Amino acid sequence: MLDALFRPKAVAIVGASTKELSIGNVIIRNLQEYGYKGRIYPINPTAPDVRGIKAYKALDEIPGEVDLAHIIIPAKLVPQTIEDCGKKGVKAVVINSAGFSEMGEEGAKLQEAFLANAKKHGVRVFGPNCQGIINTDPALKAYCNFTFTFPEPGSVSVVALSGGVGALLMQGLFDLGVGMRMYASNGNACDISIPEILRYWADDAGCKAIVLYTEGFSDPKEFLDVAREVAARKPVLAMKAGRTEQGAKAASSHTGSLAGVDIATELIFGKTGILSFGDEEEMARAAMAFSTQPIPAGDRVGIITNTGGPAVIATDVLVAAGLDVPKLSEASIARLKETQFPQAALENPIDVVATAGGPQFRAALDVLLDEEGVDCIFMNFVTAPFTDTHAVAREIAAVSALGKKPIVCNFMTDLSQERYRITMRILKEGGVPCYANPTAAARALGALARYGRLKRRDIGRPETFPGVDAARAGSIVLQARKEGRSVLSAADVYTIFESYGIPVAGWSVVDHADGAVAAAEAIGYPVVVKVDSESIDHKSDMGGVAVDLKDADAVRSAVSGMQRRLGASGKLRFLVQRFLPGGRELIVGASASRGLGHLVMFGLGGIYVEVLKDVAFKIAPVTRVEAREMLASLKTKALLDGLRGEKGIDKEKAIDLILRVSQLLTDLPMIREMDLNPILAFENAVCAVDGRIRI
Ligand code: ADP
Ligand code: MG
């Protein structure tokens, strides 16, 4: 439990300072000015008091109990201070001081030393090299942090490793007038981790939504498990930095170079139902909507506007965000006709026109509330000077307070005028999320709707196919490991595929021309001959692939050609394989991702992966729903369905293949990289013709 950290009844400040511009002074000032309801104990070896509060020379002189201690002293003194904290019975510390693992080896040793003392005494550590926490709960008002934004109490909690981004998000919410619940920025995060904080906030009834900023996770698997739990209970809005570079790298992967690219965090967001953002401002604006509005049950939006153009902009943005602007029912239109001015446009968007006042707005809102074909409401409200804007605002606020359907408002006005500031306040106090332009408002509603889709989607559970011979596949991998081979032979690879029911073209491995002819005859012409060597990655580049061989002579000459070109370093093996002309080339790849298991990639082969970088990733184990999403997310997905006379492919068989690969990867964690490139896909079959496994 993190109560000692987030709900401290008494805070000690080790390193309290009488110098106005020092962290040891600012932290006390923040506690005072924010109105902290608990006790403050400055620790200072010489000063009798700090900022008017009695100071103590050492922790053990403090008369009462201490839940939380700020530590703001040189790094080398921290291990001893943690020992002192342990003896005093301090339950948690926020180490603001820097100079630990972020500073190299010496600092890392100090970090280990204080952690050992903390473990010994059961003291939980927040930080080091961090800002701290804030709890806005009016009953506590704990500002254990050295930043400068004083958030209003509210229901959005913010966590960020980076103090700079944390402060940015906090200020962003503050500027929007969004109240905050708790705040945490934990720097090096050596003990109390983001997953632990998320779990704590999942149980915090006062927290309606969580905003998270991260640059990756030290234990991605732990985060995945916790995020799944937490995101099922309340909205988690998150942003991962470094996304463009990532995206570019990820897409340029020919699967081999896929490992080491951190696309994992984004994939974790997708798998666990975390709502991901690419822009911190957009995330803050979405948080405003999440803090007061319900989640839409569907994607159909009704628009009310008192000005034409902005409704057009909004419609474009809403549609781009996946929302639908449906026609209204006859009954709704009839009701509008009774209540609106004659000039009003009685369709969706409903243009109540600029002269509309409270009654017209309210009547239009009521129609949308009752309209079964509408799940959420978008408002354009320009403060026409000839109308009672307060009355309009009161009606919008009243409808928002009903909590029946989510509503956002693009509020277009001049806030330098007192009158419109009052109108704005009526909206805000009524919990209506207000934005300064149609695009921002539409994106915020888009985020609510996107979250609704995430909530409604059930990714299901991973399947296990019967009849899989996991033992045989496992023993092949173990044998290779024993022999020190990291790249498996063709025979190993195809046997493993067959053990998992992954369809492969008929094959045989031989080491001379006579054997190749015999194999070709058994398989049936035409065949393909490929060189099989650990040291050759791209066989066709080296002249190691001969396709469409129609008879024994062709097989012999292919084999002797390869022996001549590639055989310098010793005896070669050859894969003889059935030739399958005319298929669409697919690619499935996998790579181990640190601390997370495998990432699986799917795409169309050839130029589609190499030039268009059109690929989809998921974290294994992949469920059927996710496999389907992979196919559906390709830009070139139309090619899978067939186009202009070309036949489509058997998508269900492709999905099965992805799922079998996923099962294989789950059983064989020693696999570092795997490629099936290409898989040839036909109207009613798919078949792997090239495979590579590295362990
Ligand atoms: P590499 O990727 O090492 O160059 P592949 O085994 O993938 O070698 O073969 C290269 C290309 O030859 C494939 O991308 C595919 O277009 C074609 N090819 C390979 N095997 C077959 C096969 N059995 N049937 C039809 N075409 C094949
Ligand atoms: Mg290949």
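Small disclaimer: the values here were computed from a predicted structure and weren't measured. For ligands, and for the atoms within them, numbers begin at 1 and follow the listed sequence. Only heavy atoms go into these numbers, but all of them, side chains included; no hydrogens, no water, no symmetry mates.
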_Shortest heavy-atom approach to atom 13 (C) of ligand 1 - which of G544, C687, P678, A688_ =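 Result: the heavy atom closest to atom 13 (C) of ligand 1 is in P678.
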*Kindly give the atom name of the N, O or S atom of D690 closest to the Mg ion (ligand 2).*
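Checking each N, O and S atom of D690, the shortest distance to the Mg ion (ligand 2) belongs to OD2.
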*With a 3.5 Å cut-off and no angle check, do the side chains of S276 and E266 form a donor-acceptor pair?*
yes
*Protein non-hydrogen atom found under 4.0 Å from atom 11 (C) of ligand 1*: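 Flag for atom 11 (C) of ligand 1 set to false, no protein heavy atom closer than 4.0 Å.
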Got the closest protein heavy atom to [atom], with its distance?
atom	answer
atom 24 (N) of ligand 1	L580 N, 2.9 Å
atom 22 (C) of ligand 1	V528 CG2, 3.6 Å
atom 17 (C) of ligand 1	V547 CG1, 4.2 Å
atom 19 (C) of ligand 1	K530 NZ, 3.4 Å
atom 3 (O) of ligand 1	K539 N, 2.8 Å
atom 4 (O) of ligand 1	S540 OG, 2.4 Å
atom 23 (N) of ligand 1	R578 O, 2.8 Å
atom 5 (P) of ligand 1	D690 OD2, 3.4 Å

Looking only at N/O atoms, are [X] and ligand 1 under 3.5 Å apart anywhere?
X	result
F579	no
Q577	yes
E585	yes

*Check for a donor-acceptor pair, side chain of S489 on one end and backbone N or O of D492 on the other, with a separation under 3.5 Å.*
yes
May I have the list of side-chain donor-acceptor pairs in residues 631-641 shorter than 3.5 Å, sequence neighbours left out?
unit_1	atom_1	unit_2	atom_2	d
S633	OG	E629	O	3.2
S633	OG	M630	O	3.0
T636	OG1	D614	OD2	2.4
K637	NZ	A632	O	3.4
D641	OD1	K651	NZ	2.9

Would you mind listing which atoms of ligand 1 come within a distance below 4.0 Å of any non-hydrogen atom of [X]?
X	value
N677	7 (O)
H538	3 (O), 4 (O)
D537	3 (O)

*Does R450 make a cation-pi contact with F277 (under 6.0 Å, within 45 degrees of the axis)?*
yes
*Lys/Arg cation over aromatic F465: R660, 6.0 Å, 45° cone*: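 Satisfied, under 6.0 Å and within 45°.
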_Exactly one of V487, L488, D537 should register a side-chain contact (heavy atoms from CB on, under 4.5 Å) with R694. Which one does?_
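Passing option: V487.
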*Hey, is there an N, O or S on N677 sitting under 2.8 Å from the Mg ion (ligand 2)?*
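A backbone or side-chain N, O or S atom of N677 is under 2.8 Å from the Mg ion (ligand 2).
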*Give, for atom CG of D191 and atom CG of N188, the distance between the pair rounded to the nearest 0.5 Å.*
12.0 Å
*Could you give the distance from NZ (K530) to CG (D690), rounded to the nearest 0.5 Å?*
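Here the interatomic distance stands at 4.5 Å.
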*Quick one: look at I536 and ligand 1, take heavy-atom pairs under 4.0 Å, and tell me if it's side chain, backbone, both or neither.*
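It is neither part, as no heavy atom is under 4.0 Å.
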*asked:* Run I671 and M674 through side-chain contact (heavy atoms from CB on, under 4.5 Å) and show every step you take.
replied: CA-CA 7 Å; I671 292 181; M674 183 163 97; 4.1 Å; yes
*Mind checking whether V211 and Y213 have side chains closer than 4.5 Å, heavy atoms only?*
no
*Parallel, tilted or perpendicular: which describes the rings of F223 and F269, with under 30° parallel and over 60° perpendicular?*
perpendicular
_Ring centers of F617, F602 separated by less than 6.0 Å_ = no
